[in-house]
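Notes follow the structure.
Values below: all heavy atoms of this structure, side chains included; hydrogens, waters and symmetry mates excluded. All figures in this text were calculated on a predicted structure; none of them were measured in a lab.
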Amino acid sequence: MVQQIQTDVSAYIPSKGIRLQKKEITVWDGGTIDCYLLEPEGARAQTPAMLYCHGGGFFLPIQPMMMELAAQYAREVGVRVYLPEYRILPEYPNPYPFRDCLSILEEIQRQDTPYLLYGESAGGTLAAGLALWTRDHATKSAKGQCLIYPTLDNRCSRYASMRLYAEAAWSLKNHLTIWREYLKNGKEGLDEYIVPMTAPDVSALPPAYVEPQQIDILRDEGIAYAKRLEDTGNRVTLNIVEGSYHGFDADTQNPFVQKVVQKRIEQMRKMLK
């Protein structure tokens, strides 16, 4: 079992120029979740939005580095960042994380403003699934999807990087555990939205920025998904970050991390043009 870490981000103080609100949102099953909203001072109703689906293997709550990144994206891209504390394992397997994030997305869509989908690791599963959902259910699609070392496929034996980096920062043992626990109730009729790589059709999706890390079991599936997107006519930027590993951006002030983050920001700005 992946060890669950409880990290309190309620005392987080954003950098100058960023407003932070914590909202309690009623979601799809009548339950409630917390959602953090980080926005630049002066943001208006029509300021573009971002749904930030956080990582953590569906086991971990929001971490401080995610708040830091959300604040930086809000400031430098000029977006209102929604960071939901979706319900997590072991108590809440699929469909809770996906449907919780979908509830927040529907709130964003009601505002009728341009928006981006963003997710790292397990959050990449959610962001990619939501991009497919909006296409198939004829709701307003995102201006772009940013998939950062994304988890996209539970068929792990298909990828050489799973064997090459099995003992790296995010281990194969942990990875197999999260898929087993997340899917213990099956896909609940959500199919490819829960495991995006299994989608039979990945055409007509928002422009994608896909960022696999070199020393990571997830590297090859990120590359494979980017290729599938590109082969079906989607606009894709693939950035394999040499020398990096799963979760490398936790050190948000590191110059190497900031160089990569600036690449993400550049892509987000292009998507919103």
Query raised in the report: Counting only N and O atoms by type, is there a donor-acceptor contact under 3.5 Å from the side chain of Thr125 to the main-chain atoms of Thr151?
Result: yes
Query raised in the report: Out of curiosity, Phe58 CZ to Thr177 OG1, how far, rounded to the nearest 0.5 Å?
Result: 13.5 Å
Query - Donor-acceptor contact present, side-chain Lys140 to main-chain Thr113, <3.5 Å - result: yes
Report task. Enter the distance from Thr26:OG1 to Lys23:NZ here, rounded to the nearest 0.5 Å. Result -> 12.5 Å
Query raised in the report: Do Arg264 and Val77 have side chains that get closer than 4.5 Å, going by heavy atoms?
Result: no
Requested in this report: Could you label the plane-to-plane angle of the His137 and Trp133 rings as parallel, tilted or perpendicular, counting under 30° as parallel and over 60° as perpendicular?
Outcome: parallel
Query raised in the report: Can any side-chain N or O of Thr134 pair as donor or acceptor with the backbone N or O of Ala131 at less than 3.5 Å?
Result: yes
Query - Any donor-acceptor pair under 3.5 Å from Arg228 side chain to Met197 backbone - result: yes
**Report entry** Tyr52 and Glu120: CA distance, side-chain angles, deciding distance, side chain to side chain donor-acceptor pair (under 3.5 Å) verdict
**Finding:** CA-CA 9 Å; Tyr52 185 145; Glu120 74 240 328; 2.7 Å; yes
Report task. Kindly indicate, with the supporting measurements, whether the criterion side-chain contact (heavy atoms from CB on, under 4.5 Å) is fulfilled by Met268 and Val79. Result -> CA-CA 10 Å; Met268 293 174 196; Val79 290; over 6 Å; no
Query raised in the report: Quick one: do Arg269 and Glu266 make a salt bridge, cutoff under 4.0 Å?
Result: no
Query - Interatomic distance, Leu69 atom CG to Ile265 atom CD1 [nearest 0.5 angstrom] - result: 8.5 Å
Query raised in the report: Thinking salt bridges, do Arg87 and Asp29 make one under a 4.0 Å N-O criterion?
Result: yes
Query raised in the report: Under 3.5 Å, is there a donor-acceptor pair between the Gln46 and Gln111 side chains?
Result: no
Report summary line: Heavy-atom closest pair (Ala49 atom, Ile108 atom, distance to 0.1 Å) is CB-CG2, 3.9 Å
Requested in this report: Using distance alone, with no hydrogens and no angle criterion, decide if Glu107 and Gln109 have a side-chain donor and acceptor under 3.5 Å apart.
Outcome: no
Query raised in the report: Do Asp153 and Tyr159 have side-chain atoms, one donor and one acceptor, less than 3.5 Å apart?
Result: yes
**Report entry** Sidechain-backbone polar pair: Ser171 side chain, Glu167 backbone, donor-acceptor under 3.5 Å
**Finding:** no
Query - Nearest non-hydrogen partners of Leu130 and Cys101, listed with the distance - result: CD1-CB, 4.1 Å
**Report entry** Ion pair check, Asp220 and Arg163, cut-off under 4.0 Å
**Finding:** no
Query raised in the report: Are a donor atom and an acceptor atom from the side chains of Arg135 and Ser141 found within less than 3.5 Å of each other?
Result: no
Query raised in the report: Can a donor-acceptor pair be found between the side chains of Asn234 and Thr232 at a distance below 3.5 Å?
Result: yes
Query raised in the report: Are the ring centres of His246 and Tyr165 closer than 6.0 Å?
Result: no
**Report entry** Residue Arg44 excluded, over 12 heavy atoms near CZ under 6.0 Å
**Finding:** no
Report summary line: Between the CE atom in Met66 and the OG1 atom in Thr252, the distance rounded to the nearest 0.5 Å is 12.0 Å
Report task. Determine whether Val236 and Tyr225 make a side-chain contact, defined as any pair of heavy atoms from C-beta on separated by less than 4.5 Å. Result -> no
Query raised in the report: Would the number of heavy atoms belonging to other residues, nucleotides or ligands and lying under 6.0 Å from OH of Tyr245 be above 12?
Result: no
Query - Residue pair Ile217 / Trp170, side-chain heavy-atom distance below 4.5 Å - result: yes
Report task. Considering non-hydrogen atoms only, spot the tightest contact between Pro95 and Leu190 and give its length. Result -> CB-CD1, 3.6 Å
Requested in this report: Go through the side-chain N and O atoms of Glu76 and Gln262 and say whether any donor and acceptor fall under 3.5 Å apart.
Outcome: yes
Report task. Using the side-chain contact (heavy atoms from CB on, under 4.5 Å) rule, take Leu218 and Met162 through it: C-alpha gap first, then chi angles, then the decisive distance, then the call. Result -> CA-CA 7 Å; Leu218 300 178; Met162 291 284 175; 4.0 Å; yes
Query raised in the report: Without hydrogens or angle criteria, can the side chains of Asn154 and Tyr182 be said to hold a donor-acceptor pair below 3.5 Å?
Result: no
Query raised in the report: Would you say Pro97 and Asp100 make side-chain contact, with heavy atoms under 4.5 Å?
Result: no
Report task. Show your reasoning for whether side-chain contact (heavy atoms from CB on, under 4.5 Å) applies to Glu39 and Thr47. Result -> CA-CA 9 Å; Glu39 59 184 357; Thr47 297; over 6 Å; no
Query raised in the report: For Gly129, does its backbone N or O pair with a side-chain atom of Tyr193 as donor and acceptor, under 3.5 Å?
Result: no
Report summary line: Closest non-hydrogen contact found for Ala128 with Leu147 is N-CD2, 3.9 Å
Requested in this report: Flag the pair Asp231 and Lys227 as a salt bridge only when some basic side-chain nitrogen lies within less than 4.0 angstrom of an acidic carboxylate oxygen.
Outcome: yes
Report summary line: Looking only at heavy atoms, the pair that brings Leu152 and Gly124 closest together is CD2-O, 4.2 Å
Report task. For residues Tyr73 and Tyr118, establish whether the separation of their ring centroids is below 6.0 Å. Result -> yes
Query raised in the report: Between Gln253 and Glu68, is any side-chain donor less than 3.5 angstrom from a side-chain acceptor?
Result: no
Requested in this report: Measure the spacing between CZ of Arg219 and CG of Leu164 and express it to the nearest 0.5 Å.
Outcome: 6.0 Å
Query - Steps toward side-chain contact (heavy atoms from CB on, under 4.5 Å) verdict (Glu85, His54) - result: CA-CA 8 Å; Glu85 191 76 274; His54 73 81; 3.6 Å; yes
Requested in this report: Decide yes or no for Leu238 and Pro212: does some side-chain heavy atom of the first lie under 4.5 Å from some side-chain heavy atom of the second?
Outcome: yes
Report summary line: To the nearest 0.5 Å, atom CG of Leu116 lies from atom CD of Gln145 at 10.5 Å
Query - Beyond-backbone contact of Gln63 with Val9, side-chain heavy atoms, under 4.5 angstrom - result: no
Requested in this report: Kindly indicate whether the side chain of Gln258, heavy atoms from C-beta on, has any atom under 4.5 Å from the side chain of Gln72.
Outcome: yes
Query raised in the report: Going through the checks in order, is the side chain to side chain donor-acceptor pair (under 3.5 Å) test met by Thr237 and Gln267?
Result: CA-CA 8 Å; Thr237 299; Gln267 292 298 312; 3.2 Å; yes
Report task. Find out whether Tyr149 and Asp249 are in side-chain contact, i.e. whether some heavy atom of one side chain is under 4.5 Å from a heavy atom of the other. Result -> yes
Query - Between Trp28 and Phe98, ring centroids under 6.0 Å - result: no
Query raised in the report: Any idea which heavy atoms bring Leu272 and Pro48 closest together, and the distance?
Result: CD2-CB, 4.0 Å
